[in-house]
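Counting convention: from 1, in listed order, for ligands and their atoms alike. Keep in mind that what you see is a predicted model, and the values were worked out from it rather than measured.
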Amino acid sequence: MIIAVDGPAGAGKGSLCAALEEHFGFARLDTGLLYRAVGMKVLRGGGHPEDAAVAEAAAHALEFSELDDPELRSDQAGQAASQVGAVPGVRAALLDFQRDFASNPPGGAKGSILDGRDIGTAVCPEAEAKLFITAPLDVRAQRRYKELQSRGHEAIYATVFEDMKKRDERDSGRADAPMAKADDAYLLDTGDMSISEVVAAALQFIESKTK
Ligand code: DC
C-alpha cells in the first residue's frame with residue numbers, strides 16, 4: 001500500500017507522517033529531503049540553485065548518505081530545494097528513486113508513506129490513499145517562526161512569512177509537476193486542528209480506502 005501526502009511547508013505533513021509511520025509500520029520517505037540535499041550540494045559547490053545544468057548534475061551525483069545532514073533542515077536549504085525543484089532535469093533524476101522506494105519499501109515493510117508536493121499527482125498517481133494537507137499562510141508562517149525560536153534561532157516573523165510565500169508561489173507555479181492536490185486526494189486544512197485531530201481524520205480516510 002502507498003500513502004501519498006502532499007502540501008505546502010508548515011501544514012503539518014511531518015507530524016502527520018511520523019504518526020502514520022508509527023501506526024502502520026510502513027517505510028517513510030520525506031521527499032523534500034532529496035531536493036534539500038540537491039540544493040545544498042549546489043550551494044556548497046559554489047553554484048546557483050537555479051542553474052539547471054549544475055542542479056541536474058548534483059541530482060545525479062546525490063548519495064543516500066547525504067540525506068543525514070542536519071543542515072538540510074535549515075531555511076536556506078528549503079529555499080535552495082524549491083529552486084532546484086523547478087528544474088525538470090532534477091525532478092526526472094529523483095523520480096526513479098522515489099518510485100522504487102514506494103513500490104519496494106525497505107526493511108520488508110508492507111507499505112510506504114511518501115510526503116512532498118507532487119506525490120499524488122506525479123510520483124505515485126496509483127497510490128491507494130492520497131492526502132493534501134494545508135493551512136492558511138499566516139498560520140504556517142507562525143508555526144515555522146515559533147519552531148525556529150524554540151530551536152534558539154533568531155527569526156523575524158515578516159521574513160519567515162515572505163520566504164514561505166515565495167516558496168509556495170514557486171512550488172505551485174512551476175511548469176513541471178507543480179504542487180497540487182490530486183483530484184482524488186482528501187483535503188485537510190489543519191489551521192484550526194490539533195495534531196491528534198489531524199491524525200484521527202487522516203486515519204479514518206486511509207482506513208476507508210483499504211476496506
Ligand atoms: O517539504 P520540504 O519543505 O522539505 O521541501 C523543500 C522544497 O523541496 C519545497 O519547497 C519544494 C521542493 N520539493 C519538491 O519540489 N517536490 C517534492 N516532492 C518535495 C519537495
Contacts of D6 that satisfy salt bridge (charged side-chain N to carboxylate O under 4.0 Å, His left out) - sequence neighbours left out |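 D6 satisfies salt bridge (charged side-chain N to carboxylate O under 4.0 Å, His left out) with no residue once adjacent residues are dropped.
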Partner residues of D75 under the side-chain hydrogen bond (donor to acceptor under 3.5 Å, both in side chains) criterion, sequence neighbours left out =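 Residues passing side-chain hydrogen bond (donor to acceptor under 3.5 Å, both in side chains) with D75: R144.
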Name each N or O atom in ligand 1 that is under 3.5 Å from a protein N or O, and give the partner atom and the distance.
unit_1	atom_1	unit_2	atom_2	d
ligand 1	1 (O)	R117	NH1	2.9
ligand 1	1 (O)	R117	NH2	3.4
ligand 1	3 (O)	R36	NH2	3.0
ligand 1	3 (O)	R117	NH2	3.2
ligand 1	3 (O)	R167	NH1	3.1
ligand 1	4 (O)	R36	NE	2.6
ligand 1	4 (O)	R36	NH2	3.3
ligand 1	5 (O)	R117	NH2	3.4
ligand 1	10 (O)	R167	NH1	2.8
ligand 1	10 (O)	D171	OD2	2.6
ligand 1	15 (O)	R91	NH1	2.8
ligand 1	15 (O)	R91	NH2	3.4
ligand 1	15 (O)	R174	NH1	2.9
ligand 1	15 (O)	R174	NH2	3.3
ligand 1	16 (N)	R91	NH2	3.0
ligand 1	18 (N)	T31	OG1	3.0
ligand 1	18 (N)	R117	N	3.2
ligand 1	18 (N)	D118	OD1	2.9

CZ of R28 to CG of L114: how many Å apart, nearest 0.5 Å?
-> 9.5 Å
For D171 and S82, does a side-chain donor sit closer than 3.5 Å to a side-chain acceptor?
-> yes
Does a donor on one side chain and an acceptor on the other come within less than 3.5 Å for R117 and Y35?
-> no
What pairs of residues pass the salt bridge (Lys or Arg N to Asp or Glu O under 4.0 Å) test when at least one of them lies in residues 95-112, not counting sequence neighbours?
-> none
